[in-house]
Number of protein chains: 2
Amino acid sequence: MTRWSIGDLAKASGLTIRTLHHYDEIGLVVASERTASGHRRYTPDDVRRLYQVRSLRQLGLSLEEVRSALSRSDSLRPLFEAQLAALNAQARQVEALRSRLTALLDGHTTESLLSTLEMMSVYESYFTADQLDDLRSRAAAMGPEAVEALKASWLELVRQLRQHLADGTPADDPRVVELARQWDELGAQFTGGDPAVQAAAQKSWTENKASISTQIGWPADDGVVDYVTRARAAR
Amino acid sequence: MTRWSIGDLAKASGLTIRTLHHYDEIGLVVASERTASGHRRYTPDDVRRLYQVRSLRQLGLSLEEVRSALSRSDSLRPLFEAQLAALNAQARQVEALRSRLTALLDGHTTESLLSTLEMMSVYESYFTADQLDDLRSRAAAMGPEAVEALKASWLELVRQLRQHLADGTPADDPRVVELARQWDELGAQFTGGDPAVQAAAQKSWTENKASISTQIGWPADDGVVDYVTRARAAR
DNA sequence: CGTAGGACCTCCCGTGACGTGAGGTTCAAG
DNA sequence: CTTGAACCTCACGTCACGGGAGGTCCTACG
């Protein structure tokens with residue numbers, strides 16, 4: 001029994017028959033012989049090649065990579081090193097996702113999960129990854145109740161600003177200017193005072209007024225941002 | 001400008017137009033309005049939904065998972081926990097691959113990489129993951145030159161056995177029985193004397209005689225394994 | 001007012017690594 | 001000789017889009 005049928009080989013190797021068909025189709029592992037009726041007969045060399053393919057696949061290489069690795073079998077080392085680098089990158093990626101998810105699950109009640117995600121998502125268009133890490137670690141350091149308190153102050157601030165806006169108070173009114181100062185101060189607590197982060201936040205607000213307000217549920221549209229900008233200019 | 005064109009939304013969200021088309025096609029994020037000529041107009045609610053989708057996608061969920069998460073938005077927590085578990089599994093997977101690759105790259109010269117892989121691959125059909133970990137760590141502990149020495153003894157042993165077989169020496173001849181004892185002793189050094197591992201190795205040899213010999217380059221087919229089995233029985 | 005060149009539309013094929021039948025032929029055992 | 005398991009070849013489905021063809025629409029400029 002020096003020739004293997006496809007079924008036996010599938011059982012021995014743990015692959016499916018369809019997979020062996022596929023490898024045959026693309027010429028990666030071809031059954032060197034066929035019976036008169038067309039059934040595949042795998043020779044020991046075919047089997048050997050199949051096991052090589054399987055082992056390379058188990059290292060995470062694509063079929064094309066496996067093919068070229070087996071064609072010029074001289075230098076597997078650089079290919080493996082590249083693969084290792086890719087795996088390292090993937091590991092970092094997975095780790096980043098993991099920490100984000102655990103942070104989310106640890107720090108939030110169920111209802112706020114989606115809106116928190118949404119905020120993160122919106123911000124990610126405007127901040128760099130490093131800046132976001134910064135923001136997150138600052139929020140983590142403050143603790144959830146401090147973050148909630150800050151949010152409450154924020155809402156109160158916006159409420160007052162909107163009141164003034166509705167009352168027709170001019171932007172350079174000292175009371176409004178003071179509120180704008182508090183606005184920036186609150187912002188600084190979020191941003192850590194980093195000017196680059198503040199600039200990014202500013203950009204996000206001005207470019208994205210309409211969407212950001214509806215997205216985050218902040219009542220900060222209808223001109224409040226403009227109002228603050230004008231008040232800040234009056235300072 | 002409370003409606004977004006598809007191009008502007010693509011720029012703002014960092015997704016491609018094709019992706020937005022796709023989300024529209026499958027009904028995940030549909031542009032609620034169209035211009036008279038058929039151009040998509042995204043409302044703030046659409047934008048909001050898009051950002052939710054994007055954030056969930058960034059956690060590694062599939063589009064179907066995102067869809068169901070957004071439909072019954074009550075309990076994201078279990079879904080996230082499942083996702084976290086999947087990520088943990090993936091992290092372990094990547095880590096296993098990484099350690100295998102680093103071990104390979106650290107411990108072997110280029111030429112032997114493929115045959116080593118091949119051996120590993122063949123064995124993996126017969127040993128459990130734990131047993132393989134065992135074998136690997138034992139090989140690592142022995143050091144590469146000891147492994148090579150062992151391999152050399154092995155080849156010498158097989159050479160002698162084959163000689164006896166060719167000479168017609170009966171399997172219960174004391175010299176053959178002694179060689180069989182050495183065979184088992186060498187095997188024990190590989191297997192660490194673990195009976196389960198030995199049984200698995202035994203199974204691999206007897207079931208897979210033809211293939212294993214050609215695959216690993218061991219000249220252990222043509223009846224040598226049977227011969228040893230009979231000699232062992234005579235002990 | 002005409003035109004150029006973006007921006008947008010739909011339709012449809014391609015990707016990777018197979019899964020999953022459909023419908024027919026061949027093999028091994030009773 | 002028959003039956004059921006094993007095998008064969010199409011050929012479409014998967015997932016999340018990429019990319020191009022071929023056509024329409026919008027906007028700014030001369």
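Each chain gets a letter, A, B and so on, in the order its sequence line appears, and its residues count up from 1.
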Next item on the list: Take A:Ser71 and A:Ser68 through the side-chain hydrogen bond (donor to acceptor under 3.5 Å, both in side chains) test and state the conclusion after the steps.
Entry: CA-CA 5 Å; A:Ser71 69; A:Ser68 70; 5.5 Å; no
Note to self: Applying side chain to side chain contact (heavy atoms under 4.5 Å, CB included), can you list everything that pairs with A:Glu95, at least two apart in sequence or on another chain?
What the structure shows: A:Arg98
Notebook entry, point to check: Under the salt bridge (Lys or Arg N to Asp or Glu O under 4.0 Å) test, which residues partner A:Arg92, sequence neighbours left out?
Noted result: none
Next item on the list: Identify, residue by residue, the members of residues 21-36 of chain B with a heavy atom below 4.0 Å from DNA chain C, and return them in order of residue number, or none.
Entry: B:His21, B:Arg34
Check: Mind checking what makes side chain to side chain donor-acceptor pair (under 3.5 Å) contact with A:His21, not counting sequence neighbours?
Finding: A:Arg40
Item checked: Residue list, side chain to side chain donor-acceptor pair (under 3.5 Å) with A:Gln93, at least two apart or on another chain -> none
Notebook entry, point to check: Sequence neighbours excluded, which residues qualify as salt bridge (Lys or Arg N to Asp or Glu O under 4.0 Å) partners of A:Glu64?
Noted result: A:Arg67
Item checked: With sequence neighbours excluded, residues passing side chain to side chain contact (heavy atoms under 4.5 Å, CB included) with A:Leu97 -> B:Leu87
Note to self: Pick the closest DNA chain C nucleotide for A:Arg57 and for A:His39 by heavy atoms, then say which residue is nearer the 5' end.
What the structure shows: A:Arg57
Next item on the list: Apply side chain to side chain contact (heavy atoms under 4.5 Å, CB included) to A:Glu81 and list each qualifying residue two or more places apart in sequence or on a separate chain.
Entry: A:Arg77, B:Leu105
Item checked: Residues forming a side chain to side chain contact (heavy atoms under 4.5 Å, CB included) with B:Ser99, sequence neighbours excluded -> B:Thr102
Item checked: Pairwise 5' ranking along DNA chain D for A:Gly7 and B:Thr16, keeping only the more 5' one -> A:Gly7
Item checked: Those residues that, when tested against B:Asp172, pass salt bridge (Lys or Arg N to Asp or Glu O under 4.0 Å) (two or more places apart) -> none
Item checked: Along DNA chain D, first and last positions that approach a heavy atom of chain B under 4.0 Å -> D:dA16 to D:dC26
Check: Along DNA chain C, 5' to 3', what are the outermost nucleotides having an atom less than 4.0 Å from a heavy atom of chain B?
Finding: C:dC8 to C:dC12
